[in-house]
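First comes the structure, then the notes that go with it.
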Amino acid sequence: MAVYTKELGTVEISDDVVAAIAGLVTLEIKGVANMSGGVVDGITEVIGRKNLAKGIKVKSNERDVTIDANIVINYGDSIPEVSDNIQRKIKNDVEKYTGLNVVGVNVHVVGISQPEEAKNQQASREDTLQDVVQTT
């Protein structure tokens, strides 16, 4: 948990909040087919809850955070280009919305989607983003 002191008191920002921001940002990047999570993420999806932090791990130390993003990339997209876009967008948005200092964004490409699979993943990703917009 990131913690910092302001004039009127302390501000605590959960790593889950930072992970949710990073997850949403990552899904917006062209070339990202999906996020890759572990067993817990799979269980969360089975019981019907959308996990915005799927595939994201956050390590925080006071005001500094390091973020790891595990992604599946669309076949045919440039891994260096997509990774660079993810790193820049996560850093910018997390710092903008939280006031925290992002010291690192590590992108782990853990898979590649098949061309037909990429279309299905895009539709699923758009549905997830639409669900989030409707619930906020």
Side-chain angles (χ1 to χ4, degrees):
M1 177 171 302
V3 179
Y4 58 94
T5 304
K6 299 195 59 127
E7 275 183 41
L8 298 175
T10 61
V11 176
E12 297 178 351
I13 302 175
S14 167
D15 288 350
D16 292 338
V17 170
V18 175
I21 294 168
L24 284 169
V25 165
T26 302
L27 287 173
E28 293 175 351
I29 302 295
K30 181 187 175 307
V32 175
N34 204 349
M35 304 293 292
S36 178
V39 173
V40 172
D41 289 331
I43 292 169
T44 301
E45 287 178 5
V46 168
I47 61 174
R49 293 190 352 220
K50 300 279 184 191
N51 185 357
L52 302 178
K54 178 181 178 182
I56 302 289
K57 290 191 174 74
V58 175
K59 298 175 200 139
S60 60
N61 181 11
E62 295 189 22
R63 288 191 73 161
D64 294 336
V65 295
T66 302
I67 300 165
D68 287 274
N70 297 294
I71 67 161
V72 176
I73 194 166
N74 288 329
Y75 175 79
D77 285 312
S78 166
I79 292 173
E81 183 179 321
V82 171
S83 298
D84 186 54
N85 290 339
I86 291 168
Q87 289 171 319
R88 290 176 194 276
K89 185 74 170 150
I90 286 176
K91 180 175 175 46
N92 288 339
D93 283 15
V94 169
E95 289 182 346
K96 175 182 174 182
Y97 297 128
T98 66
L100 300 173
N101 180 37
V102 177
V103 295
V105 178
N106 304 308
V107 177
H108 307 276
V109 180
V110 297
I112 190 163
S113 70
Q114 304 274 335
E116 185 59 35
E117 199 178 315
K119 289 180 189 175
N120 295 336
Q121 292 294 340
Q122 177 65 27
S124 174
R125 185 169 72 188
E126 288 171 1
D127 290 344
T128 299
L129 290 173
Q130 189 67 28
D131 289 347
V132 170
V133 168
Q134 289 175 354
T135 59
T136 55

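Scanning for side-chain contact (heavy atoms from CB on, under 4.5 Å) contacts around Glu81 gives Ser78, Asn85, with sequence neighbours left out. Residues satisfying the side chain to side chain donor-acceptor pair (under 3.5 Å) test with Ser60, not counting sequence neighbours, are Asp15. For Asp64, the salt bridge (charged side-chain N to carboxylate O under 4.0 Å, His left out) test picks out no residue, with sequence neighbours left out. Checked against side chain to side chain donor-acceptor pair (under 3.5 Å), Glu95 has the following partners two or more places apart in sequence or in another chain: Lys91. Residues meeting the salt bridge (charged side-chain N to carboxylate O under 4.0 Å, His left out) test with Arg88, sequence neighbours left out: Asp84. Applying the salt bridge (charged side-chain N to carboxylate O under 4.0 Å, His left out) criterion to Asp93, with sequence neighbours excluded, gives Lys89.
Here Ile13 contributes atom CD1 and Arg63 contributes atom CZ; the two are 8.0 Å apart, rounded to the nearest 0.5 Å. For the atom pair NZ of Lys57 and CG of Asn106, the computed distance is 12.0 Å after rounding to the nearest 0.5 Å. If you take CD1 on Ile67 and CD1 on Ile90, they are separated by 5.5 Å, rounding to the nearest 0.5 Å. Separating the OG1 atom in Thr66 from the CG atom in Asn61 is a distance of 9.0 Å, to the nearest 0.5 Å. Atom CD1 of Ile29 is separated from atom CG of Asn74 by 12.5 Å, given to the nearest 0.5 angstrom. The distance from the CD1 atom of Ile86 to the CG atom of Leu27 is 9.5 Å, given to the nearest 0.5 Å.
Linking ILVMFWY side-chain heavy atoms closer than 4.5 Å, directly or via other members, places Val103 and Val18 in two distinct hydrophobic clusters.
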Worked check of side chain to side chain contact (heavy atoms under 4.5 Å, CB included) between Val109 and Ser83: CA-CA 8 Å; Val109 180; Ser83 298; 4.2 Å; yes

Side chain to side chain contact (heavy atoms under 4.5 Å, CB included) between Ile71 and Met35, intermediate numbers included: CA-CA 4 Å; Ile71 67 161; Met35 304 293 292; 4.0 Å; yes

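Across all their heavy atoms, Gly31 and Asp77 have their closest contact at CA-OD2, 3.2 Å. Val72 and Ser36 get closest at one heavy-atom pair: CG2-CB, 4.3 Å. The heavy-atom pair separating Ala20 from Ala53 by the smallest distance is N-CB, 4.1 Å.
A 4.5 Å side-chain heavy-atom check between Lys30 and Val82 finds every atom pair outside the cut-off. When side chains are defined from C-beta on, Ile56 does not count as touching Asp68, because their heavy atoms never get closer than 4.5 Å. For the pair Val65 and Asn101, the minimum side-chain heavy-atom distance is 4.5 Å or more.
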